[in-house]
Q: 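Below is a structure I'd like to ask you about.
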Amino acid sequence: MLKQQLNFKLSQKLSPQQIQLMKLIQLPTQAFEQRLKQELEENPALDSGKEQTDDFDSDLSNDYDDDYGNESIAAEDINVDEYLSDDEIPSYRLQTNNYSADDEEKSVPYASGTSFNQHLKNQLNTFRLSEEDREVAEFLIGSVDESGYIRRPLEDIVDDLAFTQNIFTSVEHIEKILNIVHELDPAGVGARNLQECLLIQLQRKEPTASIEMAIEILEKSFEHFTKKHYKKLLQKFDITEVELRDAILEIERLNPKPGGSYAGNTKIIEHIVPDFTIRIVEGVLELTLNGRNAPELHVSKEYNNMLKGYKDAREKTKSQKDAVLFIKQKLDAAKWFIDAIKQRQQTLLVTMNAIMHYQEEYFLTGDERKLKPMILKDIADMINMDVSTVSRVANSKYVDTPYGTKLIKEFFSEAMKNEQGEDVSTREIKKILETVIEEENKKKPLTDEKLASILKEKGYPIARRTVAKYREQLDIPVARLRKKI
């Protein structure tokens with residue numbers, strides 16, 4: 001039996017150049033500079049006008065080589081004049097002055113000095129320890145995490161010491177050495193849990209009535225304390241509200257993450273370079289793109305001279321033709337890259353400009369309640385671009401505003417109707433919710449149901465479960481945990 005089938009397949013395929021352009025748009029300023037360095041290293045036809053002294057990773061791949069390597073080109077077909085130019089500065093650098101003068105701010109701070117673990121090990125020199133005990137102490141220090149805790153069971157550490165260090169010991173002996181680790185700075189380091197961490201810190205302090213009460217509360221009623229069952233604490237310890245408040249204040253002054261406070265931590269400091277700057281000049285918003293996104297690129301003089309030599313030669317040898325084919329391939333790649341940078345800059349500016357004008361009230365005042373509901377499609381429709389392009393800009397770029405440096409995607413939020421039927425931003429509702437909670441009576445914090453009722457009175461009819469969701473997104477605990485004595 002003969003069957004005839006007709007299949008229609010609709011597919012959209014992006015060219016390698018389009019894919020690379022999308023990747024370039026997504027890169028924030030610092031990552032873009034790294035990509036630029038990579039391209040300058042791999043394509044000798046590109047010249048930045050500066051001496052390249054940086055060392056580059058030899059394993060970085062050239063994304064476009066394959067796109068040009070398979071082309072069949074005859075040397076005679078090349079119009080050499082297309083590639084020859086006396087203009088040292090690309091035209092796109094001259095078309096606008098919309099770049100900030102921060103081209104030279106290229107240093108990225110890294111944490112330096114002694115590592116946290118080494119800082120702890122150095123302190124062991126003040127203790128008299130046998131060689132084996134010192135090894136055990138150093139092993140315990142090696143088990144301290146970034147927050148300053150030892151979270152592994154001591155039984156596992158005993159086994160590890162036996163297998164990896166050939167040290168056979170007991171949990172009791174480990175606990176004895178752990179007490180020495182607990183004497184190191186910062187106070188609380190090496191604790192196995194929050195309760196132990198807080199107690200170590202309190203026991204280091206000069207004893208007062210409040211500190212002694214705080215120690216007693218943590219030792220005997222830690223669960224009541226964490227759940228803020230203040231009535232039970234008052235009854236159990238037969239103390240006044242003032243005495244309880246003073247004891248709790250002592251606990252609240254402690255550091256729950258002693259490791260996080262050490263400045264010599266080996267983690268790299270996160271350094272954000274704003275991709276845009278918005279300033280208010282005589283009551284008008286002014287947008288600039290970080291100048292580091294507009295590099296001066298042009299075709300290298302050496303390649304220009306090679307092409308001129310080929311053009312002027314009366315007899316063109318096979319080796320010359322092979323060389324000019326290679327040059328053509330690299331020049332095409334350089335020409336595309338320069339054009340892609342131009343498109344990237346235009347895309348970034350057009351997108352951010354649309355966002356700035358859409359949220360003009362906010363940028364003029366800094367009042368988050370003025371943030372209008374805005375989704376990616378709103379901006380995409382304004383600038384006639386794809387939603388995915390707007391997303392690439394919003395998700396990875398920062399803007400320096402008069403109110404601090406912000407991630408652009410923070411300006412996007414869904415809409416919600418108020419009692420008048422007007423669209424309001426969910427960011428606006430969250431800001432009001434935050435304000436209501438800040439101003440509440442901390443002795444009697446507002447429940448989610450009460451918060452929903454207050455928001456309704458203010459003209460925002462939202463359900464209790466929505467209030468709970470927004471509260472959690474704001475990292476605000478439930479009413480019981482906000483209670484103060």
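Here the structure is a predicted model, which is why all the values come from computation and not from measurement. One-based numbering along the sequence shown.
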Q: I'd like to check I338 versus K342 (side-chain heavy atoms, cut-off strictly below 4.5 Å). Are they in contact?
A: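 No, too far: nothing below the 4.5 Å cut-off.
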
Q: Determine whether the side chains of K236 and S221 contain a donor N or O and an acceptor N or O closer than 3.5 Å.
A: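 There is such a pair (donor and acceptor under 3.5 Å, judged by atom type) between the side chains of K236 and S221.
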
Q: Any idea which heavy atoms bring T169 and V158 closest together, and the distance?
A: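 Taking T169 first and V158 second, the nearest heavy atoms are O-CG1, 3.5 Å.
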
Q: If I compare all heavy atoms of N290 with all of P274, which pair ends up nearest, and what's the gap?
A: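 Here N290 and P274 meet closest at ND2-O, 3.0 Å.
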
Q: Applying side chain to side chain contact (heavy atoms under 4.5 Å, CB included) to L194 and Y149, what does each step give before you reach the verdict?
A: CA-CA 9 Å; L194 178 61; Y149 288 81; 3.5 Å; yes

Q: Side chains of F276 and T288, heavy atoms from C-beta outward: is any pair under 4.5 Å?
A: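 Sidechains of T288 and F276: no contact.
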
Q: Is it true that a side-chain atom of E434 and a backbone atom of L474 form a donor plus acceptor pair closer than 3.5 Å?
A: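 Not at all, since once roles are kept as given, no pair shorter than 3.5 Å links the two residues.
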
Q: Could you tell me whether the side chain of Q359 and the main chain of K372 form a donor-acceptor pair under 3.5 Å?
A: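 Flag set: sc Q359 to bb K372 pair under 3.5 Å.
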
Q: Fit a plane to each ring of F411 and F363, take the angle between them on a 0 to 90° scale, and name the class: parallel (under 30°), tilted (30 to 60°) or perpendicular (over 60°).
A: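 It falls in the perpendicular class, over 60°.
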
Q: Show your reasoning for whether side chain to side chain contact (heavy atoms under 4.5 Å, CB included) applies to L161 and F168.
A: CA-CA 7 Å; L161 281 166; F168 299 92; over 6 Å; no

Q: Ignoring hydrogens and geometry, is there a side-chain-to-backbone donor-acceptor pair from D275 to Y398 under 3.5 Å?
A: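 Yes.
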
Q: Are E410 and K406 close enough for a salt bridge, meaning some N to O gap below 4.0 Å?
A: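 Salt bridge flag = no for K406 with E410.
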
Q: Quick one: does any side-chain atom of T405 pair with a main-chain N or O of T401 as donor and acceptor, under 3.5 Å?
A: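 Judged by distance alone, no pair lies under 3.5 Å.
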
Q: Hey, what do you get for CD1 (I408) to CG (N395), rounding to the nearest 0.5 Å?
A: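 Rounded to the nearest 0.5 Å, the CD1-CG separation comes to 9.5 Å.
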
Q: Judged by modelled atom types alone, do Q118 and N122 share a side-chain donor-acceptor pair under 3.5 Å?
A: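 There is such a pair between these side chains.
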
Q: Please step through side chain to side chain contact (heavy atoms under 4.5 Å, CB included) for the pair L254 and K205, ending with a clear verdict.
A: CA-CA 11 Å; L254 305 175; K205 290 177 176 283; 3.6 Å; yes

Q: So if I apply the side chain to side chain contact (heavy atoms under 4.5 Å, CB included) rule between M352 and each of I379, L289, I278, T347, which one comes out positive?
A: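 Answer to the side chain to side chain contact (heavy atoms under 4.5 Å, CB included) test with M352 among I379, L289, I278, T347: I278.
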
Q: Given side chain to side chain contact (heavy atoms under 4.5 Å, CB included), test T435 with E439 step by step and report yes or no.
A: CA-CA 6 Å; T435 305; E439 294 173 354; 3.6 Å; yes

Q: Does the K397 side chain pair with the main chain of L27, one donor and one acceptor, at a distance under 3.5 Å?
A: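 Yes, K397 side chain to L27 backbone: donor-acceptor pair under 3.5 Å.
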
Q: I'd like to know if the side chain of H357 reaches the main chain of N353, judged simply by a donor and an acceptor atom lying under 3.5 Å from each other, with no hydrogens or angles considered.
A: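 Yes, H357 side chain to N353 backbone: donor-acceptor pair under 3.5 Å.
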
Q: Could I get the full list of salt bridge (Lys or Arg N to Asp or Glu O under 4.0 Å) partners for E196, not counting sequence neighbours?
A: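 E196 satisfies salt bridge (Lys or Arg N to Asp or Glu O under 4.0 Å) with R192 only.
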
Q: Between CG of L244 and CG of L233, what distance do you get to the nearest 0.5 Å?
A: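 Separation between the atoms: 5.5 Å.
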
Q: If you compare all heavy atoms of V181 against all heavy atoms of G190, which two are closest, and at what distance to 0.1 Å?
A: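 Closest approach of V181 to G190, heavy atoms only: CG1-CA, 4.3 Å.
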
Q: Check whether any side-chain N or O of D238 sits under 3.5 Å from a backbone N or O of Q235 as a donor-acceptor pair, and report yes or no.
A: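 Judged by distance alone, no pair lies under 3.5 Å.
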
Q: Which value, rounded to the nearest 0.5 Å, describes the distance between K443 atom NZ and E241 atom CD?
A: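 Nearest 0.5 Å value for the NZ-CD distance: 5.5 Å.
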
Q: Of all heavy-atom pairs between K121 and E138, which one has the smallest distance, and what is that distance?
A: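 What the structure gives for the nearest pair is CE-O, 4.1 Å.
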
Q: Run through N43, L24, L40 and flag the one making a side chain to side chain contact (heavy atoms under 4.5 Å, CB included) with F337.
A: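 Answer to the side chain to side chain contact (heavy atoms under 4.5 Å, CB included) test with F337 among N43, L24, L40: L24.
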
Q: Could you check whether any side-chain heavy atom of S143 comes within less than 4.5 Å of a side-chain heavy atom of I157, counting everything from C-beta outward?
A: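 A side-chain contact under 4.5 Å exists here.
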
Q: Step by step, work out the salt bridge (Lys or Arg N to Asp or Glu O under 4.0 Å) result for R35 and E33.
A: CA-CA 5 Å; R35 177 70 177 87; E33 286 182 319; over 6 Å; no

Q: Between T126 (side chain) and Q123 (backbone), is there a donor-acceptor pair under 3.5 Å?
A: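 A pair under 3.5 Å: yes.
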
Q: Is it true that atom CG of N125 has more than 12 heavy atoms of other residues, nucleotides or ligands lying nearer than 6.0 Å?
A: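 Yes, because the 6.0 Å sphere around CG of N125 holds more than 12 heavy atoms from other groups.
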
Q: When you measure from the side chain of S396 to the backbone N and O of Q26, does any donor-acceptor pair fall under 3.5 Å?
A: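 The answer is yes, because a donor-acceptor pair under 3.5 Å joins these two groups.
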
Q: Is the shortest heavy-atom distance from the side chain of V399 to the side chain of T277 under 4.5 Å?
A: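 Answer no - side chains too far apart.
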
Q: Does any non-hydrogen side-chain atom of H173 lie less than 4.5 Å from one of S170?
A: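 Result yes, sub-4.5 Å side-chain heavy-atom pair found.
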
Q: Determine, for K431 against D367, whether the closest basic-nitrogen to carboxylate-oxygen distance falls under 4.0 angstrom.
A: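 Result for this pair is no, no salt bridge flagged.
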
Q: List the atom pairs, with distances to 0.1 Å, where a side-chain N or O of residues 383-390 and a protein N or O form a donor-acceptor pair under 3.5 Å, not counting sequence neighbours.
A:
{"unit_1": "D386", "atom_1": "OD2", "unit_2": "S388", "atom_2": "N", "d": "3.0"}
{"unit_1": "D386", "atom_1": "OD2", "unit_2": "S388", "atom_2": "OG", "d": "2.6"}

Q: Can you check salt bridge (Lys or Arg N to Asp or Glu O under 4.0 Å) on D160 and R152, steps first, answer last?
A: CA-CA 11 Å; D160 281 354; R152 300 182 61 220; 2.5 Å; yes

Q: For the backbone of D378 and the side chain of D381, can you confirm whether one donor and one acceptor N or O come within less than 3.5 Å of each other?
A: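 No, because the side chain of D381 does not come within donor-acceptor range (under 3.5 Å) of the backbone of D378.
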
Q: Of the non-hydrogen atoms in I25 and L348, which two are nearest, and what is the gap between them?
A: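 For I25 and L348, the tightest heavy-atom pair comes out as O-CD2, 4.0 Å.
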
Q: Using a strict cut-off of less than 4.0 Å between a Lys/Arg side-chain nitrogen and an Asp/Glu carboxylate oxygen, indicate whether R204 and D185 qualify as a salt bridge.
A: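 Between D185 and R204 there is a salt bridge, with a charged N closer than 4.0 Å to a carboxylate O.
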
Q: When you compare the side chain of T447 with that of K450, does any pair of heavy atoms fall below 4.5 Å?
A: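 Of all side-chain heavy-atom pairs linking T447 with K450, at least one is under 4.5 Å.
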
Q: For a quick test of reading the model, state the closest non-hydrogen atom pair linking T365 to Y403 and the distance between them.
A: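 Scanning both residues, the minimum pair turns out to be N-OH, 3.3 Å.
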
Q: Just verifying a value: how many Å separate I180 CD1 and L140 CG, rounded to the nearest 0.5 Å?
A: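 Those atoms lie 9.5 Å apart.
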
Q: Thinking salt bridges, do E243 and R245 make one under a 4.0 Å N-O criterion?
A: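 Looking at R245 together with E243, the answer is no, because their closest N to O distance does not fall below 4.0 Å.
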
Q: Is any NZ, NE, NH1 or NH2 atom of the basic residue among E223 and K227 found under 4.0 Å from an Asp or Glu carboxylate oxygen of the other?
A: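 Yes, this pair counts.
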
Q: What distance do S391 atom OG and M22 atom CE have between them, rounded to the nearest 0.5 Å?
A: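 Nearest 0.5 Å value for the OG-CE distance: 11.5 Å.
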
Q: Would you call D400-R279 a salt bridge at under 4.0 Å N-O?
A: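 Looking at D400 and R279, the cut-off is met.
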
Q: Can you find a pair of side-chain heavy atoms, one from F412 and one from I355, that are under 4.5 Å apart?
A: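 Answer yes - side chains close enough.
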
Q: About how many Å separate NZ of K228 and OH of Y230, when rounded to the nearest 0.5 Å?
A: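 Y230 atom OH to K228 atom NZ measures 4.0 Å (nearest 0.5 Å).
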
Q: Could you tell me whether the side chain of P258 reaches within less than 4.5 Å of the side chain of C197, counting heavy atoms only?
A: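 They are in side-chain contact.
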
